[in-house]
Amino acid sequence: MPIYLTTPIYYVNDKPHIGHAYTSLATDVLARWHRLAGREVYFLTGTDEHGQKVEKAAMDAGEEPQAFTDRVSQAFRDLTGTMGLSNDGFIRTTEPRHRAACQALWLRLQERGHIYLGAYEGWYAVRDEAFYGPDELTEKDGVKYAPSGAPVEWVREPSYFFKLSEWGDKLLEFYETHPDFIAPASRRNEVISFVKSGLSDLSISRTSFKWGVPVPGDDAHVMYVWLDALTNYITALGYPDEKADLWRFWPADLHFVGKDILRFHAIYWPAFLMAAELPPPERVFAHGWWTIEGQKMSKSLGNAIDPVKLVEEFGLDPVRYFLLREVPFGQDGDFARAALVNRLNGELADVLGNLANRTLSLIQRNCEGLLPALAPAADIDTTLLQPLDTLVASVGKLLEAQEYHLALEEVFRQVRGANGYITVQAPWALKKTDPARMTEVLRHLHTALRTYATVLQPFMPTTMGQLLDQLGVPEDARSLDSLATPLPDGRALPPPSPLFRKVESAA
RNA sequence: GGCGGCGUAGCUCAGCUGGUUAGAGCACGGCACUCAUAAUGCCGGGGUCAGCGGUUCAAGUCCGCUCGCCGCUACCA
């Protein structure tokens, strides 16, 4: 079964910050896990480049929209290198293939009678070139003003509509028969109550700006951003060519989204697809926001965290670990430097890194650097070895529920246990009293470390790769399945070196 | 206003369908160890489970009320 995972396409009106990195990272870890389990994966990310805001930002920058988006989109493409993402594709909504896919989907919806021409009405600020909701407005001397201070007027603009109002019951039935479609559960409940309150038809075109996909057969209109943006998920797989090689990945297994865009993915998107007689995605997960040292991330505070600087200071893998370990996926969390340092020093370096280092040093010094022979487990060894048998299954189950923090907690509980085991077994003392037993203990610890490193690869690909190097595990023996096959005895292990460098707790 | 959720050790949180002395990590104190990145292990102190009132043989765990906090309540990505 092929696995298709997506991030949202990021709006190029913003620079990449920790929030973008977070979404992509969560997607990446799951993609890597599935590959490690031997499954075929397509991992897509990209940029959303249409809309009035982009058009305006380009004009302000004195550039053509295409040149502007070419430039800004690159910053998001660079996130792949910065965060160590393993995405298979990168899509831009300004690509010709995407225009073609949007127009094909539009025609398909139109042919089936789901689109009609009407008029969009609302409070419009000419100065901002934007519509505002009635609750956003303030009134003074009989004139209504937008939050920006610009006066607004009631305008009517011709617009095509999607008959979303006809899909309420079908969506509710879909949620009912697909209880895992929306996660976490609290969000699912919100979506359901929203749909139950009744859906209106959705305006899906605009005549007030040009920077978008033209509506087929009516050049006065461009598609409203969400129909355009959501379609990216099928464009990337070759739509409308359902014979395309990648089309077998549809429907998506999981769309990762921020909680702000859940509605579009959990309501509009399945409605569009069902109306087009295409299968809706399997699951949408809405994750939370990061605050920065207890404060909301905001443009005015200028406190957004630049992933590049973060990785420069702490290293990529500690950052990856921290973001998924610190906060339950789906909840809001706080990004505090002290918390990151604590995780890095106290868990990665002290608990895991040090266990690897002490074990490998003992092998290096007392076993001539050769992998000790596999030995049967004594009763006392089962405390170390038995939990390993179920680690892959339990981590897999947690990851498939996007419970990253619990998956990491499970692994680290075992790593702590291994530190207890080595302390009690004291191979440094066995060296003098029972050298044969010492080698058995070291081999058991090696087995445990190999398991931890293998399972942790999706979270910390670089560092766990180094650990597997130090453990003498060849490249072709790093999959989850390969754990069933012990390494041959006597293999030469390279001299160990520390995996994680600690940082000072003060900035 | 309506709907939904939360309030448990100094901090961040677990506690499923109610049942022995309420748990984890971090922080703090003591002891042990010395292989290791001054790392690790063990033990310990610390909680009116927001408050009040109910149901029950038994409630952090169910019900009601009060106080405090948060989310959703459509076309803005």
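Side chains included, hydrogens not; waters and symmetry mates left out as well; all remaining heavy atoms used. Chain naming here is simple, since letters A, B, ... match the order of the sequence lines and numbering starts at 1 in each.
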Using the six-membered ring of Y321(A), assess whether NZ or CZ of R343(A) lies under 6.0 Å from its centre and within 45 degrees of the ring axis.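 That pair does not qualify as a cation-pi contact.
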
Please tabulate the protein-to-nucleotide N/O contacts below 3.5 Å involving nucleotides 24-28 of chain B, giving atom names and distances.
from	atom 1	to	atom 2	distance (Å)
C26(B)	O2'	N342(A)	ND2	3.0

Between A77(B) and Y224(A), is there an OP1 or OP2 to side-chain N/O distance shorter than 4.0 Å?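 Yes, within the criterion.
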
Considering just the side-chain nitrogens and oxygens of W226(A), establish if one lies under 4.0 Å of OP1 or OP2 belonging to A77(B).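 For A77(B), OP1/OP2 do have a side-chain N/O of W226(A) under 4.0 Å.
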
Spacing of the [atom1] atoms in [M] and [N] (rounded, Å):
N	M	atom1	result
C69(B)	A50(B)	C1'	11 Å
C52(B)	G60(B)	P	13 Å
U8(B)	G15(B)	C1'	9 Å
C49(B)	G23(B)	C1'	12 Å
G68(B)	G46(B)	P	33 Å
C62(B)	G1(B)	C1'	28 Å
C57(B)	G44(B)	P	37 Å
C6(B)	A14(B)	C1'	15 Å

From C-beta outward on [X], which listed nucleotide comes closest to its side chain: [options]?
X	options	result
R365(A)	C75(B), C35(B), A74(B)	C35(B)
N357(A)	C75(B), A36(B), G71(B)	A36(B)
S200(A)	A36(B), G71(B), A74(B)	A74(B)
L199(A)	A74(B), G41(B), C72(B)	A74(B)
K53(A)	U34(B), U37(B), C76(B)	C76(B)
L164(A)	C75(B), A74(B), U40(B)	A74(B)
W428(A)	C72(B), A36(B), C33(B)	C33(B)

Any donor-acceptor pair under 3.5 Å linking the side-chain atoms of R283(A) with those of Q402(A)?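 On atom types as modelled, these side chains qualify, holding a pair under 3.5 Å.
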
Report the C-alpha distance between R325(A) and E409(A) in whole Å, list the side-chain angles of each, state the deciding distance to 0.1 Å, and finish with yes or no for side-chain contact (heavy atoms from CB on, under 4.5 Å). CA-CA 8 Å; R325(A) 174 66 189 89; E409(A) 196 171 287; 3.5 Å; yes

Of all the heavy-atom pairs spanning L344(A) and R501(A), show the shortest one and how long it is.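 Distance-wise, the nearest heavy atoms are CD2-O, 3.8 Å.
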
The test is salt bridge (charged side-chain N to carboxylate O under 4.0 Å, His left out); show your working for E440(A) and R443(A) and say whether it passes. CA-CA 5 Å; E440(A) 290 180 14; R443(A) 178 57 191 253; over 6 Å; no

Euclidean distance, atom [atom1] of residue [X] to atom [atom2] of [N] [Å, nearest integer]:
X	N	atom1	atom2	answer
I204(A)	C76(B)	CD1	C1'	18 Å
F272(A)	C75(B)	CZ	C1'	10 Å
L355(A)	G41(B)	CG	C1'	12 Å
Y175(A)	G4(B)	OH	C1'	17 Å
N189(A)	G2(B)	CG	P	19 Å
I267(A)	C75(B)	CD1	C1'	12 Å
K196(A)	A74(B)	NZ	C1'	18 Å
N354(A)	U34(B)	CG	C1'	12 Å

Is the distance between the ring centroids of F161(A) and Y120(A) less than 6.0 Å?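 Ring-ring flag for F161(A)/Y120(A): false, centres at least 6.0 Å apart.
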
In terms of the nearest nucleotide of RNA chain B, which residue is placed more toward the 5' end: F194(A) or V424(A)?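 Nearest nucleotide further toward 5': that of V424(A).
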
Using heavy atoms to find the nearest nucleotide of RNA chain B for A349(A) and F264(A) separately, return the residue whose nucleotide is more 5′.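 Nearest nucleotide further toward 5': that of A349(A).
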
Got a sec, which pairs hit side-chain hydrogen bond (donor to acceptor under 3.5 Å, both in side chains) with one end in residues 353-364 of chain A, sequence neighbours left out?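 For residues 353-364 of chain A, and leaving out neighbouring residues, the side-chain hydrogen bond (donor to acceptor under 3.5 Å, both in side chains) pairs sorted by first residue read R358(A)-N419(A).
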
At 4.0 Å (heavy atoms only), tell me whether [X] reaches a base, stays on the sugar-phosphate, or touches nothing.
X	answer
G258(A)	nothing
G420(A)	sugar-phosphate
D48(A)	sugar-phosphate
S203(A)	base

Taking the inter-plane angle between the rings of [X] and [Y] on a 0 to 90° scale, is it parallel (under 30°), tilted (30 to 60°) or perpendicular (over 60°)?
X	Y	value
H17(A)	H20(A)	tilted
H114(A)	F162(A)	tilted
Y268(A)	F264(A)	perpendicular
W269(A)	H255(A)	tilted
F329(A)	H287(A)	tilted

Do Y175(A) side-chain atoms and R188(A) backbone N/O form a donor-acceptor pair below 3.5 Å?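 Side chain of Y175(A) to backbone of R188(A): no pair is present.
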
Do S361(A) side-chain and A36(B) base share a donor-acceptor contact under 3.5 Å?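 No, no donor-acceptor pair under 3.5 Å.
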
Convert the base pairs of RNA chain B into dot-bracket notation, remembering that pairs crossing earlier ones are written with [ ] and that bases paired across to another strand are shown as |; include only Watson-Crick or G-U pairs under 3.5 Å. (((((((..((((.....[...)))).(((((.......))))).....(((((..]....))))))))))))....

Between R413(A) and E410(A), does the salt bridge (charged side-chain N to carboxylate O under 4.0 Å, His left out) criterion hold? Intermediate values first, please. CA-CA 5 Å; R413(A) 185 164 61 232; E410(A) 172 66 21; 2.4 Å; yes

Should E190(A) and R187(A) count as an ion pair when the cut-off is N to O under 4.0 Å?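 Yes, this pair counts.
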
Using a strict heavy-atom distance below 4.0 Å, which residues from residues 493-502 of chain A are in contact with RNA chain B?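 Those residues are P498(A), L499(A), F500(A), K502(A).
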
Find every protein N or O atom lying less than 3.5 Å from an N or O atom of nucleotides 11-13 of chain B, and list the pairs.
none

May I have the step-by-step check of side chain to side chain donor-acceptor pair (under 3.5 Å) for S159(A) and E157(A), ending in yes or no? CA-CA 6 Å; S159(A) 170; E157(A) 165 185 332; over 6 Å; no

State which residues pass side-chain hydrogen bond (donor to acceptor under 3.5 Å, both in side chains) with T383(A); sequence neighbours excluded, sorted by chain then number.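 For T383(A) there are no side-chain hydrogen bond (donor to acceptor under 3.5 Å, both in side chains) partners, ignoring immediate neighbours.
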
